[in-house]
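Written below as structure tokens is the structure these notes are about.
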Amino acid sequence: MAQTYDHQAIEAKWQASWEEAGLFKIKEDSTTPKYYCLEMFPYPSGRIHMGHVRVYAIGDVIARYKTMRGFHVLHPMGWDAFGLPAENAAIEKGVHPKIWTQENVAYMKKQLRRMGLSYDWDRELNTSQPDYYRWNQWIFLKMVKQGLAYRKRSAVNWCPSCETVLANEQVLAREGKDGGVCWRCESVVFQKELEQWFFRITQYAQELLDGCDQLTSWPAPVLAMQRHWIGRSQGVEIDFPLADTRKDVTAIRIFTTRPDTIHGATFMSLAPESPLVEQLIEGLDEADAVRTFVERVSRLDKATRTAADREKEGVFTGAYAINPFTQEQIPIWVANFVLYEYGTGAIMAVPAHDQRDFEFAKQYDIPIRLVIQNPDGTLVPDALDAAYEEHVQAGVLVNSGSFSGLAVPDGKQAIGEHVEKQGWGTCTINFRLRDWGISRQRYWGTPIPMLYCEKCGLVPVPENQLPVLLPEDVPFTGKGESPLKESPSFSKATCPTCGGTARRESDTMDTFVDSSWYFLRYCSPQDTNQPVNPQAAQHWMAVDQYVGGIEHAVLHLLYARFFTKVLRDLGLTTVDEPFVHVLTQGMVTKETYWCEEHRWVLPSDTTTEHGQRLCGHCGKAIVTGRTEKMSKSKKNIASPDELCDRYGADTARVFSLFAAPPEKDLEWSDTGVEGCYRFLNRVWRLVHEQLPVIGNVNESVESKQSELLTELQRATHHTIQRVTGDLDRDFQFNTAIAALMEYVNQLYKLMKDYPANTLLADERAGWQSALDTLLLLLAPFAPHLAEELWETMGHTSSIARQSWPVFNPEYVVTTEWTIPIQVNGKLRSKICVPAGSTKDQVIAAAQSDAKIMEWVQGKTLRKVIYVEPKLVNFVI
RNA sequence: GCGAGAGUGGCGGAAUGGCAGACGCGCAAGACUUAGGAUCUUGUGGGUAACCUCGUGGGGGUUCAAGUCCCCCCUCUCGCACCA
């Protein structure tokens, strides 16, 4: 017999066989319950990495397990194929993004097939193909009609040297430079205002927030992030009239969550971008200084600008407002920390009770007035060294006119009501969530289907003219505001309204649009009439289990929820939420190696002498660095291709499921991989060694319930119970596999203890059943090996089509209980009693145990605890 | 700063309030072998000859019983980061 099984041959054989049989093609079926298992589809970057291996192994086990449990399972796969890297490849290597993407998809698909994943490839999607992205355009047009898509001016990162727009991740921080720099040329990036398209996700803010309460099977951290991102806060908008009316401006409206502190508002601040600034300063002596400040602040990129540790800066506008409650005249400033996009873009500043205002007031010598006293009454107005923000709401209003003496919550309410009664403002809700800017000045994305007509203005492309195809005649230079503007053929169009000449929108959509509804498209991927077939969606939605990286915890999942609600309102689906269960798998990490001369080094470029790892280049000692996420730069990558060559897909799958629970980080270990390979080989040898035993089941005539049979049955059903429980309870693959390993260890022991030539007929049948069960339980994890051995055992229909073994509690009943005995909570002995013994019998047996007698001798027995059938505790 | 999560052998990790360390790696000894980086067997938290004893980041508490529940503290990781 061969020492190790031939994983290469076996895996290729079964992959071909499954494909030929169309084993994983799925249709709607009303006779069995449906199950929709989905893993986040990959960006076709070129090669799959271990993170992919992990996430797709997880999804595949779930899909195969649920199939065996009797569900008809939708398990599709596709490609998130639009995006920046394809365009960068075009600029750097001159390969067209389409070709680059196609080649990558072809290679990665081969790699995924090699992992033995049970996808219905008939449903494959590719978001960069017109038959997909035309529906992005279709949805976009519907959203325009609903007022959910609109245009407004917004800032982009602009590299003056490349003359191009940069994505946030293309803006890098550089020491000593105030603001980010271009990733390619290192010029300082600045902000440039362009007209851009937005989705009004804020219209669904409250529903998205409320919906979180339904998502009880989502990971708590993900829900927390969603809620925080939506960021609802209740407050009051209040007008502060100007001391001198200027032009059309009579008042400045602010938003505050702390109306109770309004008597302490000693100045106001505007966001630098606020149009009010220019209106206020016109003609004032301060105007020039203000303009200089505004310009300096607003050219900074967002990340730098909003860094929390950034120094608070501002400038006085020269204008004053009236605090409506105190009638005092207070100065209006412009401050770098005030956000234009949030609230009204203006704040009332209460330095005594807001730390930011406090720091600002200290710096510019603005009065600080205490209006909330703490419960102890110990705050001294002139001696504050920080704002008193008191989050517990235990303070009392002071220096607040007729409101003095109220507790903070009462003060909030009373002042809010007073504001509304006086007509100074309204109680209101604000969200942190902003509208979703989807315009990208890029080529490799969905063209936004809008036209600019000289006569009619902004005109949507008619639905029957979709798709607006990406042009092929685009030079990839990395320069220019937008590649589509460089196409000679693309921009020129005819206005569908007046027939005159029109210019096409040259922006493309954010690729998050593509992934916001692809799970709906999988339900009816070939429908040519609509993005989603409502009947198909009705059948399959919602996704029962979604698996993917935690990095998508906020944006992707939020946008997908938003789109689901929009498409629901369009009548394409009836579900409110797209994903019932979400599993966020951890990163795949590996040790790093550092040589002081050669920096990060590959494990294969090191040698080991006397337990010390040395650099293969210079022989210097290697420092073992932190265990980090696999990355090329740290040289701590393991390759899925090599892994499959050497150990096979089954080993790759088993290791990535065994080494850690799915939601935690998984530390890659070459020796750990070997351990899993050994395990699979043990299974292979076990089945082959026992084949003669089960081969002639019918030959022997004797039959009786034997010790061996009991043992086999107990081990088998105990394992069924454990593996099923681990899978049903949060997909604890690691412990499920551990249970299978124990089971194999037990079977080896039974094989050794009961030689083959002594076996009775029922014992042979017991072995057959035990081995069959082993293979069935192993099938979701190591499908190729299980399938091969299933055939070896003489079965003719695919193991993937078999039913999951059923746990029978009768087989795990024992005739004896082994009960640990404690004295004062410490383990002192163990006793064996017949199963079913009464409490008194067990305690009597425990008391007569020799060791226990020693411990309790001469002591007063104060209490006896008996937990059937687990434990006895004598308290003395 | 705010929010979330995590600290258990040499390592990855197991433990519905009930025998801490399952399973795997590594290590040690042995068997088989021309050989073994194959395979198999046995052992493997610390201290101790043993009986025992100590032990789940630290300190308190609840309980007959705490890795698990409660309070305080420390460390680490992740997310958000001036949202008024």
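In what follows, every chain begins at residue 1, and chains take the letters A, B, ... in the order their sequences are listed.
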Requested in this report: Any chance you could lay out the side-chain contact (heavy atoms from CB on, under 4.5 Å) test for A:L223 and A:M225, step after step, and finish with the verdict?
Outcome: CA-CA 5 Å; A:L223 276 183; A:M225 281 190 248; over 6 Å; no

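Remark: the separation of the P atoms in B:G30 and B:G36 is 13 Å, to the nearest Å. The same atom, C1', is picked in B:A4 and in B:G12; the two are 24 Å apart, to the nearest Å. Rounded to a whole angstrom, the distance from the P atom of B:A15 to that of B:C80 is 30 Å. Distance noted for atom C1' between B:U75 and B:C82: 28 Å (whole Å). With both ends at atom C1', the span from B:C78 to B:G59 equals 27 Å, rounded to whole Å. Distance noted for atom P between B:G9 and B:G58: 10 Å (whole Å). A gap of 25 Å separates the C1' atoms of B:A14 and B:U41, to the nearest Å. For the P atom pair drawn from B:G67 and B:G21, the interatomic distance equals 12 Å after rounding to whole Å.
Atom-to-atom, CD of A:Q355 to P of B:C83 comes out at 11 Å; the value is rounded to the nearest Å. Note: CZ (A:F679) to P (B:U39) measures 14 Å, nearest angstrom. With rounding to whole Å, A:L666 atom CG is found 14 Å from B:C11 atom C1'. Between A:I230 atom CD1 and B:C80 atom P the separation is 15 Å, expressed in whole Å. Atom pair A:E389:CD and B:C2:P shows a separation of 10 Å (rounding to whole Å applied). Taking atom CE of A:M741 as the reference point, atom P of B:C23 lies 11 Å away to the nearest angstrom. A:F733 places its CZ atom 13 Å from the P atom of B:A14, with the value rounded to the nearest Å. Rounded to an integer number of Å, the gap from A:Y866 OH to B:G18 C1' is 13 Å.
No hydrogens or angles were tested; on distance alone, nothing pairs the side chain of A:K752 with the base of B:C40 as donor and acceptor under 3.5 Å. At a cut-off of 3.5 angstrom, counting only N and O atoms as typed in the model, there is no donor on one side facing an acceptor on the other between the side-chain of A:R682 and the base of B:C40. The base of B:C19 lies close enough to the side chain of A:K830 for a donor and an acceptor atom to sit less than 3.5 Å apart.
Using a 4.0 Å heavy-atom distance criterion, A:K826 is classed as a sugar-phosphate-only contact. Note on A:V338: a base of the nucleic acid sits closer than 4.0 angstrom, heavy atoms only. Within the 4.0 angstrom heavy-atom criterion, only backbone atoms of the sugar-phosphate kind lie near A:S233; the bases stay farther away. Using a 4.0 Å heavy-atom distance criterion, A:N734 is classed as a sugar-phosphate-only contact. Across all strands, A:R232 comes closer than 4.0 Å to no nucleic acid atom at all (heavy-atom distances). Residue contacts shown for A:N745 are limited to sugar-phosphate atoms, with no base heavy atom under 4.0 Å away. As judged by a 4.0 angstrom heavy-atom cut-off over every strand, A:V875 is placed among residues touching the sugar-phosphate backbone only.
Relative ring orientation between A:F267 and A:F360 is described as parallel, the plane-to-plane angle staying below 30° on a 0-90° scale split at 30° and 60°. In this pair, A:H353 and A:Y388 present their aromatic rings perpendicular. The plane angle is above 60°, beyond the 30 to 60° band. Note: A:W684 and A:H688 have tilted aromatic rings, judged against thresholds of 30 and 60 degrees for the angle between ring planes. Between A:H556 and A:F512, the angle of the ring planes stays under 30°, which puts this pair in the parallel group of the 30/60° scheme.
The side chain of A:T257 has B:A84 as its nearest neighbour among B:A14, B:A84, B:C23. Among the nucleotides B:A4, B:A65, B:G13, the one closest to any side-chain atom of A:P221 is B:A4. Nearest to the side-chain atoms of A:R646 among the listed nucleotides B:G37, B:G13, B:G12 stands B:G37. Side-chain proximity of A:Q822 to B:C19, B:A84, B:G13: nearest is B:C19. If you check B:C19, B:A22, B:A81 against the side chain of A:A738, the one that comes closest is B:A22. For A:W855, the side-chain atoms get nearest to B:U53 when compared with the rest of B:U39, B:U53, B:G24.
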Query raised in the report: In dot-bracket form, how is RNA chain B paired, counting a Watson-Crick or G-U wobble pair only if both its distances are under 3.5 Å and using | for bases paired to another strand?
Result: (((((((..(((.....[....)))((((((.......))))))(((....)))..(((((..]....))))))))))))....

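The phosphate of B:C64 has OP1 or OP2 within less than 4.0 Å of a side-chain N or O from A:K863. Neither OP1 nor OP2 of B:C2 sits under 4.0 Å from any side-chain N or O of A:R227. Under 4.0 angstrom from either OP1 or OP2 of B:C52 there lies no side-chain N or O belonging to A:R828. Between B:A38 and A:N681, no contact under 4.0 Å exists linking OP1 or OP2 to a side-chain N or O.
The residue among A:R729 and A:L827 whose nearest nucleotide of RNA chain B is located toward the 5' end is A:R729. Residue-to-nucleotide proximity on RNA chain B shows that, of A:R356 and A:P820, the 5′-proximal contact is made by A:P820.
Contact of the A:P331 side chain with the A:M268 side chain is not registered, since no non-hydrogen atoms from C-beta on lie closer than 4.5 Å. Side-chain atoms of A:V723 and A:F733, non-hydrogen and from C-beta on, never get closer than 4.5 Å to each other.
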Please list, for nucleotides 25-30 of chain B, all pairs of protein and nucleotide N/O atoms separated by less than 3.5 Å.
residue, atom, partner, partner atom, Å
B:C25, OP1, A:R678, NE, 3.1
B:C25, OP1, A:R678, NH2, 2.8
B:C25, O2', A:T671, OG1, 2.7
B:G26, OP2, A:R678, NH2, 3.2

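Judged by distance alone, the side chain of A:N824 and the main-chain N or O of A:I876 form a donor-acceptor pair under 3.5 Å. A donor-acceptor contact shorter than 3.5 Å is absent between the side chain of A:S837 and the backbone of A:V833.
To the nearest 0.5 Å, atom CG of residue A:D665 and atom CD of residue A:E628 are 11.0 Å apart.
In the model, A:S233 has no side-chain atom that pairs as donor or acceptor with a side-chain atom of A:N430 under 3.5 Å. The closest side-chain donor-acceptor pair between A:T428 and A:T426, if any, does not fall under 3.5 angstrom.
The glycosidic torsion of B:G9 lies within 90° of 0, placing the base in the syn range.
Taking the ring axis of A:F240 as reference, the NZ or CZ atom of A:R253 does not stay both within 45° of it and closer than 6.0 Å to the ring centre.
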